[in-house]
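Proteins come first, then strands; the chains are lettered A, B, ... in the order of their sequence lines, and each starts at number 1. Values in this document were obtained by computation on a predicted structure and should not be read as measured data.
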Amino acid sequence: MAALTLYNYELDESCYKVRLGLSMLGLTWETIAVDVFPGKEQTTPAFLAMNPAGRLPILKDSHLVLSGTEAILAHLAKTHDATGKWLPESGAAFALVMQWLNFSARDLDATIAARQHSLFDAPGDETALRAASAKALRVMDDHMTARGFEGADWFVGSGATIADIALFPAFALSRDFGIDHDEYPALRRWARKFRTIKGFMTMPGIPDYH
Amino acid sequence: MTTGNMWQPVSLSHSIETATSAGTRLSGEDLVVWRDNSGIAHVWEDRCPHRGMRLSFGFVRGDHIACLYHGWQYDTGGQCQYIPAHPDLEVPKTIKVPVYLTEERAGMIWTTLAADAGPLTVPADETGTVPVQSLYVDCSADAVIAVLESMTLAPFSAGRDAETTISAVNPSLYAVSSGQDRLLIGIQTITDERTALHVVISGLPEVYEGGGQAHFLSWALDLRYRIENPPKKTFAVSSRAVAEVL
């Protein structure tokens, strides 16, 4: 068994974040497919034993069983990236990556709920979820507009970090829940740059051609 | 007023990089704005004649834009030139995307839905422009302009507090000046209830890039806040009147 095992659902954007992280860090991993829709396999006892919250992704790293997308990304960067560039050590850069990981986990939750509602008929107030999603994406676009004036390409610092990985899927998949890319020019620019990172991969809903 | 027949800006030039595309709307009409490899901007109907897919989802290769669905490629005149599923087919001339007049002026990409619109009356920039931001708000162009006209602008360039002057260059372009600084704000009627403001600095990049852009971005975000949060109507009640009632 490989050291790294990802319990994965191909259509889940949170699993996609971890796949991106594993791939961009140049790691090899084993994937175990989980029947999330319609099987809800992630809520069965074997999975609840690994993550009582009943959600994917779950990453096994030798004896460590880890859930929570942002925690998994931070763990991968901290322990499997010798360059240290994906999770900068220095005070401000480290803190800002954490800030955006927090934004990803909290504010972008609306985009996950909106997409779940749109694709899998999960319960939710479509209008409210879409408004909250658009608001969060605008926060990101405003930030990247200002970053552009500093000559910076990434959310934090001078290179891509796990913050960029955590934030990318919500924007790249926004058409799944009815938000076009039209009104986010700074995010379009950033996403094009993101796609050029070595190890980038798409998922269903993100075109190979662009 | 059919505002779509006027010249209006549909994007900052800066926002459409070479060999990229984006969608937008003008008076409710779906448009694709794209830039070919030689740097020329195009504005078309955002619809592939094949299956109706939005061309703004597509991709630019050389001087062609290709539809994401089946890769049909269109040249800069909107004419379909290549259908990958039928590589040997000479594509019929009837497969053509409607194209709109397009100009780049004042750091913005302009178009009009009218085929016979007069010339675009935006003066050529002698000093160039520096992009700030496009703002998208849920209200009419008239409401946006009313707020815009109430704004004051703190200058970036050295100088004492300067007076803000605001004037219409044409119905879709406003100039906001303060001291030596001048912003140009293009107004795009997306629908009757949604409006875009395209904000640029009129001036030299070496003066305004970086700090100047950040300075005027703050102003633009303040403008957007005021448009989205109009002051609530308040009722002034004097304490004496309250005392008399009590």
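Within 6.0 Å of the CD atom in A:E89, the count of heavy atoms belonging to other residues, nucleotides or ligands does not exceed 12. More than 12 heavy atoms of other shown residues, nucleotides or ligands fall within 6.0 angstrom of atom CG in B:N229. With a 6.0 Å radius and a threshold of 12 heavy atoms from other residues, nucleotides or ligands, B:Y82 has its OH atom above the threshold. Atom CZ of A:R55 is surrounded by 12 or fewer heavy atoms from other residues, nucleotides or ligands within 6.0 Å. Other residues, nucleotides and ligands place no more than 12 heavy atoms under 6.0 Å from the CG atom of B:D192. At most 12 non-hydrogen atoms from other residues, nucleotides or ligands lie less than 6.0 angstrom from CZ of B:R226.
Qualifying side chain to side chain donor-acceptor pair (under 3.5 Å) partners for A:S14, counting only residues two or more places apart in sequence or in other chains: none.
Neither the backbone nor the side chain of A:E150 comes within contact range of chain B, judged by heavy atoms closer than 4.5 Å. B:L135 does not touch chain A: none of its heavy atoms, backbone or side chain, sits under 4.5 Å away. Only the side chain of B:L221 comes within contact range of chain A, with heavy atoms under 4.5 Å apart. Looking at A:R188, the atoms closer than 4.5 Å to chain B (heavy atoms on both sides) all sit in the side chain, from C-beta outward. Neither the backbone nor the side chain of B:S11 has a heavy atom closer than 4.5 Å to any heavy atom of chain A.
Between chain A and the residues B:R25, B:R54, B:E209, the most heavy-atom pairs under 4.5 angstrom are made by B:R54. For the options B:A214, B:A19, B:A22, B:G23, heavy-atom pairs under 4.5 Å to chain A are most numerous at B:G23. Of the listed residues B:V130, B:I190, B:V132, the one with more heavy-atom pairs under 4.5 angstrom with chain A than any other is B:V132.
Counting heavy atoms from C-beta outward, A:D180 and B:F57 have side chains that approach closer than 4.5 Å. Side-chain contact check for A:D142 versus B:Q133: some heavy-atom pair is nearer than 4.5 Å.
From B:E17, atom CD reaches atom NZ of A:K193 across 9.5 Å, with rounding to the nearest 0.5 Å.
By the 4.0 Å N-to-carboxylate-O rule, B:E228 lies close enough to A:R138 to be salt-bridged with it.
For the residue pair A:D182 and B:Y136, the shortest heavy atom distance occurs at O-OH, 4.0 Å.
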